[in-house]
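Here's the structure, in structure tokens; my notes come after.
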There are 2 protein chains.
Amino acid sequence: MMDLSNGRPAGKEAVKDAASERVMAELALAIHEHRLQPGAKLSEDEVGAVYGVSRTVVRAALQQLAHDRLVELRRNRGAYVAQPSVREAREVFEARALLEPRTARSAAERVTEADITALRRHIEDEHAALDMGEPGRALHLSGLFHIEIARIAQQDTIEDFIRQLIARSSLIIALYWQRRTALCESHAHDALLNALASGNGDLAEELMKSHLLDLVSSLDLRNVNSAPRTLQEALGG
Amino acid sequence: MMDLSNGRPAGKEAVKDAASERVMAELALAIHEHRLQPGAKLSEDEVGAVYGVSRTVVRAALQQLAHDRLVELRRNRGAYVAQPSVREAREVFEARALLEPRTARSAAERVTEADITALRRHIEDEHAALDMGEPGRALHLSGLFHIEIARIAQQDTIEDFIRQLIARSSLIIALYWQRRTALCESHAHDALLNALASGNGDLAEELMKSHLLDLVSSLDLRNVNSAPRTLQEALGG
DNA sequence: TGTGACAATGTTGTATACGATTATGTTTCA
DNA sequence: TGAAACATAATCGTATACAACATTGTCACA
């Protein structure tokens with residue numbers, strides 16, 4: 001079985017109920033950090049055993065994740081980590097291109113000193129994770145950077161959308177990333193930070209736009225394997 | 001108790017399971033048509049009794065609706081139809097302004113003859129509902145018009161977001177609508193249809209943008225009552 | 001009469017049980 | 001030997017049961 005406990009104390013302190021939210025967060029993190037691969041089966045009994053809860057709460061967590069399209073529920077067949085299609089991948093990044101540049105502009109107009117220092121430390125964490133050979137964690141932090149910008153823009157609703165899109169982006173990257181770009185484009189985040197720090201909304205919007213384009217171009221979204229990877233069939237070649 | 005059965009046969013034919021989805025759809029429709037007011041309590045036992053299912057499936061439905069922000073779940077206290085704050089209302093329409101105009105443009109570029117006739121009939125239904133004195137139903141149809149445009153644009157992901165936003169808009173309108181504009185702005189939909197039919201993406205984008213602005217301006221979003229309507233406290237004035 | 005503690009009631013959170021569906025393994029017959 | 005049919009096992013969908021929590025009503029006491 002895959003290890004899902006990830007070291008952390010799993011927050012037994014603040015837990016009264018919210019059991020399903022805890023399970024959901026743990027599963028989401030495991031997906032974000034690529035410890036759970038697309039297509040992995042999430043049996044209710046098994047997950048429940050791992051976290052010491054009943055199927056009831058696991059079901060609730062899985063339904064939440066399914067709503068965010070991180071897992072796919074097949075009727076009477078179980079829950080599986082989602083496998084976004086190429087088309088879905090394109091759509092996710094189109095949606096991000098629609099939402100994030102303008103949000104970056106708003107963020108530049110509302111950013112505070114505290115935000116800047118937080119972002120700066122965030123980027124340091126990213127670099128540290130990369131240097132320590134934890135690409136999964138680095139990727140997760142990289143996503144959080146985008147979410148942080150939405151938070152700074154003070155747009156809770158759009159922040160929620162971006163949160164969903166970034167979660168799905170994590171799956172997309174797991175499926176379609178091509179290794180070539182090794183730098184993990186973290187310079188883009190530095191540039192964005194500078195634009196925000198100087199309050200330059202135009203520049204922030206433009207940087208975010210091109211950053212997203214870079215991201216898409218680092219993916220291999222040719223229509224090969226367009227059909228989802230239920231590929232026992234993919235072996236027929 | 002409020003009547004939720006709404007006449008329709010409630011689809012006993014296609015039902016094997018999917019019971020929770022049926023309950024969710026029924027509740028969502030009741031909210032969209034303003035048969036359920038913001039703040040209304042949705043007791044699990046009560047809802048279960050209405051639809052003849054157990055609390056288990058009601059809970060699943062309520063959690064889905066909570067994820068869409070149509071209902072609010074208070075821990076150990078139950079589910080209530082959401083009451084968007086003024087701030088939330090603004091954010092919802094800002095998000096719509098970000099997503100829908102560009103989506104209308106895409107729709108204009110991809111619309112088919114069949115789409116046009118479907119939209120045309122849709123508008124007729126809207127007018128009919130208005131004439132027959134069913135403003136709730138007219139409002140619901142009006143929302144579906146927007147969703148239909150997103151569908152035509154062939155952007156499933158963005159369509160999902162727009163669907164959520166329109167559902168919340170329905171609540172916002174229930175709370176903040178001011179009666180003045182009587183025409184219910186349905187001419188805007190006619191104009192949009194024409195722009196789509198002629199494939200004029202620029203015009204469609206522009207019309208959608210101003211349509212949304214009109215919608216916002218028909219709301220009363222002054223910060224009075226900015227705090228949510230848990231207002232037994234609101235009576236302290 | 002007003003305030004605080006306590007009991008009663010109702011509702012939600014979670015676990016478990018059972019029927020239904022799907023997947024798997026074995027057997028049998030051509 | 002191969003394929004179809006059946007039996008078996010595993011997993012999910014739903015209902016029900018019980019415990020935990022919140023709310024409300026009542027009573028005692030200052």
Side-chain angles (χ1 to χ4, degrees), chain A residues 1-2 4 10-27 36 39-67 70-82 228 230-233 235, chain B residues 1-2 4 10-27 36 39-67 70-82 228 230-233 235:
Chain A
M1 189 192 302
M2 203 168 301
L4 297 172
K12 192 62 182 179
E13 57 284 355
V15 177
K16 193 70 62 65
D17 32 13
S20 73
E21 285 190 25
R22 179 174 72 90
V23 173
M24 184 188 79
E26 298 270 2
L27 287 175
L36 280 172
K41 167 143 199 188
L42 299 173
S43 156
E44 296 181 355
D45 279 328
E46 216 168 327
V47 176
V50 169
Y51 296 114
V53 294
S54 83
R55 283 180 49 217
T56 308
V57 14
V58 175
R59 274 183 82 75
L62 290 176
Q63 283 173 348
Q64 298 283 328
L65 292 170
H67 197 284
L70 258 68
V71 315
E72 184 187 349
L73 296 179
R74 303 182 201 170
R75 173 132 4 245
N76 286 316
R77 301 224 259 141
Y80 298 81
V81 177
T230 46
L231 314 175
Q232 294 96 353
E233 313 163 11
L235 305 180
Chain B
M1 188 193 303
M2 203 169 301
L4 298 172
K12 191 63 181 178
E13 58 281 356
V15 177
K16 193 70 63 66
D17 31 14
S20 73
E21 286 191 24
R22 180 175 70 90
V23 173
M24 184 187 78
E26 298 270 2
L27 287 175
L36 279 172
K41 166 144 199 187
L42 299 172
S43 155
E44 295 181 357
D45 279 328
E46 218 167 327
V47 176
V50 169
Y51 295 114
V53 293
S54 83
R55 283 179 49 215
T56 308
V57 14
V58 175
R59 274 182 82 77
L62 291 177
Q63 283 174 348
Q64 297 283 328
L65 292 170
H67 198 284
L70 258 68
V71 315
E72 183 186 349
L73 296 179
R74 303 182 201 171
R75 175 130 4 245
N76 285 317
R77 300 224 259 139
Y80 299 80
V81 177
T230 47
L231 315 174
Q232 294 97 351
E233 314 163 11
L235 307 178

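Please read all numbers here as calculations on a predicted model, not as lab measurements. Order of the sequence lines fixes the chain letters, A, B, ..., with proteins taken first and strands second; residue numbering starts at 1 for each chain.
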Interatomic distance where [atom1] belongs to [X] and [atom2] belongs to [N] [whole Å]:
| X | N | atom1 | atom2 | value |
| --- | --- | --- | --- | --- |
| A:Y80 | C:dT22 | OH | P | 13 Å |
| B:E44 | D:dA15 | CD | P | 13 Å |
| B:R75 | C:dG13 | CZ | P | 7 Å |
| A:R74 | D:dA10 | CZ | P | 21 Å |
| A:N76 | D:dA10 | CG | P | 18 Å |
| B:L73 | D:dC21 | CG | P | 18 Å |
| A:L62 | D:dT11 | CG | P | 14 Å |
| B:E46 | C:dT11 | CD | C1' | 12 Å |

Taking the nucleotide of DNA chain D with the nearest heavy atom to each, does A:K41 or B:V57 sit closer to the 5' end?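 First, find each residue's nearest nucleotide; the 5'-ward one identifies A:K41.
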
Rounded to the nearest 0.5 Å, what separates atom [atom1] in [X] from atom [atom2] in [Y]?
| X | Y | atom1 | atom2 | result |
| --- | --- | --- | --- | --- |
| B:Y51 | B:R22 | OH | CZ | 8.0 Å |
| A:H67 | B:Q63 | NE2 | CD | 11.0 Å |
| A:L70 | A:M24 | CG | CE | 9.5 Å |
| B:L65 | B:L42 | CG | CG | 8.0 Å |

Could you tell me whether the phosphate oxygens of C:dA15, OP1 or OP2, come under 4.0 Å of any side-chain nitrogen or oxygen in A:S54? yes

Taking only the side-chain nitrogens and oxygens of A:R59, find out if one of them lies under 4.0 Å from OP1 or OP2 of D:dC12. no

Nearest of D:dG13, C:dT12, D:dA15 to any side-chain atom of B:T56?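 Selected nucleotide: D:dA15.
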
I want to verify a distance call: between D:dC18, C:dA15, D:dC12, whose nearest atom is closest to the A:R55 side chain? D:dC12

What pair of heavy atoms forms the shortest contact from B:V23 to B:V47, and how long is it? CG1-CG1, 4.2 Å

Could you write out each protein N or O paired with an N or O of nucleotides 23-25 of chain D at a distance under 3.5 Å?
{"residue": "D:dT23", "atom": "OP1", "partner": "B:R77", "partner atom": "NE", "Å": "3.3"}
{"residue": "D:dT23", "atom": "OP1", "partner": "B:R77", "partner atom": "NH1", "Å": "3.1"}

Among residues two or more places apart or on two chains, list those pairs meeting salt bridge (Lys or Arg N to Asp or Glu O under 4.0 Å) that have a residue in residues 47-57 of chain B. B:E44-B:R55

Does A:A82 have any side-chain contact (heavy atoms from CB on, under 4.5 Å) partners at least two apart in sequence or in another chain, and if so, which?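 Scan of A:A82 (side-chain contact (heavy atoms from CB on, under 4.5 Å), adjacent residues dropped) gives A:L171.
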
